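Just so you know, residue 1 is the first one in the sequence shown, and it goes up from there. Just follow the structure's listing: the first ligand is 1, and inside any ligand the first atom is 1. Nothing here was measured: the structure is a model prediction, and the numbers come from that model.
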Amino acid sequence: MTHSPLFITFEGIDGAGKSTQIERLAKRLEEQGESVLVTREPGGTPVGEKIRGLLLADDMTPKTETLLFFAARAEHAETKILPALASDTWVLSDRFTDATYAYQVGGKGFSGSEVEALETWTLGAFRPDGTVLFDLSPEAAAARRAARSGGDDRFERESAEFFARVREAYLDRAQRNPERFLIVNAESSADEIEREIAEWVKSLVRRKGEEA
Ligand code: Z5A
């Protein structure tokens, strides 16, 4: 392919299948000769991974939590994502700012306008080129989490009502930004979802090429 690399984010309630599809898309792109960076939030950098440890384990106020997500994101964008894109590398991130709108604003009731202000302060006009939203009912996500080994983190212990609000907030963001989002039914087979994402990425590349 001859085009600029894209920054694609993967969102949804946990257990929806993001990691599975990120690996598959990375493999497809690499087979086409692309250079690909797979990363995640919170985390993705040494400082970000330390912040992740705090966020997933320690109780804190919604304000502290939101600021820590943005602190990790500032480090992630400046030291990892932007340099990768500048050196012709695609970036696939397991979560980005939409997760803050879904979890902290939708789930916990933190102010959306304050998150918008933090987003602009942290990232300027930088946003993902495309975002895949894995839509899954909180019940199905809980069943998938129960089937895998390892204990639940602080977020995974939230109520079904909390996850229902997170899901609605994600769908609302996707409906307001249809040009950026692909919504996939996370209950389809992994192979079907992989094909759907691959087709969408092709059309995104064409669209971005026409806009350039
Ligand atoms: N958080 C936040 O609050 N605010 C923010 O701004 C940010 C994050 C950035 C990070 O969790 C937590 O931080 C997250 C939100 C919060 N918490 N929650 N809840 P994380 O990084 O530890 O975990 P995660 O992002 O939620 O990912 P995950 O739990 O690893 O889930 P996943 O990547 O979406 O799913 P998966 O590992 O690919 O698949 C889950 C299982 O389903 C697995 O057994 C697969 O084999 C299976 N699977 C996958 N695809 C399918 C299909 N299609 N059918 C059936 N089964 C499937």
*Distance flag for atom 2 (C) of ligand 1, protein heavy atom under 4.0 Å*: yes
*Under 4.0 Å from a heavy atom of Q104: give me the atoms of ligand 1 that qualify, with their elements.*
2 (C), 3 (O), 4 (N), 5 (C), 6 (O)
*asked:* Regarding D172 and R176, does a basic nitrogen lie under 4.0 Å from an acidic carboxylate oxygen?
replied: yes
*Which ligand 1 atoms are under 4.0 Å away from a heavy-atom of R52?*
20 (P), 21 (O), 22 (O)
*Near-ring test F96/F7, centroid separation under 6.0 angstrom*: yes
*Considering only the protein, which heavy-atom contact is closest to atom 6 (O) of ligand 1, and what is its distance?*
T100 OG1, 2.6 Å
_Check for me whether S188 has a heavy atom closer than 4.0 Å to any atom of ligand 1._
yes
*Atom NZ of K63: over 12 foreign heavy atoms under 6.0 Å*: no
*asked:* Does this structure show an ion pair linking R28 with E34, if we count only N-O contacts that are shorter than 4.0 Å?
replied: no
*Is I193 close to ligand 1, meaning an N/O of one under 3.5 Å from an N/O of the other?*
no
*Check ligand 1 against A16 and write out every atom of the ligand that is under 4.0 Å from a heavy-atom position of the residue.*
34 (O), 35 (O)
*Give the atoms of ligand 1, by number and element, whose distance to some non-hydrogen atom of A186 is under 4.0 Å.*
53 (N)
*Would you check the N or O atoms of G17, main chain and side chain alike, for any that come under 3.5 Å of an N or O of ligand 1?*
yes
*Tell me, please, whether F110 has R165 positioned over its six-membered ring: NZ or CZ under 6.0 Å from the ring centre and within 45 degrees of its axis?*
no
*asked:* Students should be able to answer this: which protein heavy-atom is nearest to atom 26 (O) of ligand 1, and at what distance?
replied: D14 CB, 2.4 Å
*Atom indices of ligand 1 within 4.0 angstrom of R73 heavy atoms, with elements*: 6 (O), 9 (C)
*Heavy atoms only: which of R24, E156, R144, E187 is nearest to atom 52 (C) of ligand 1?*
R144
*Below 4.0 angstrom, N of the basic side chain to O of the carboxylate: do E119 and R127 qualify?*
yes
*Report, in ascending order of atom number, the atoms of ligand 1 lying under 4.0 Å from any heavy atom of K18.*
24 (P), 25 (O), 26 (O), 27 (O), 31 (O), 32 (P), 33 (O), 34 (O), 35 (O), 38 (O)
*Of the listed options F69, F163, F96, Y101, closest to atom 7 (C) of ligand 1 (non-hydrogen atoms)*: F69
*Judged by non-hydrogen atoms, does R145 sit under 4.0 Å from ligand 1?*
no
*Looking at ligand 1, does E192 have a heavy atom less than 4.0 Å from it?*
no
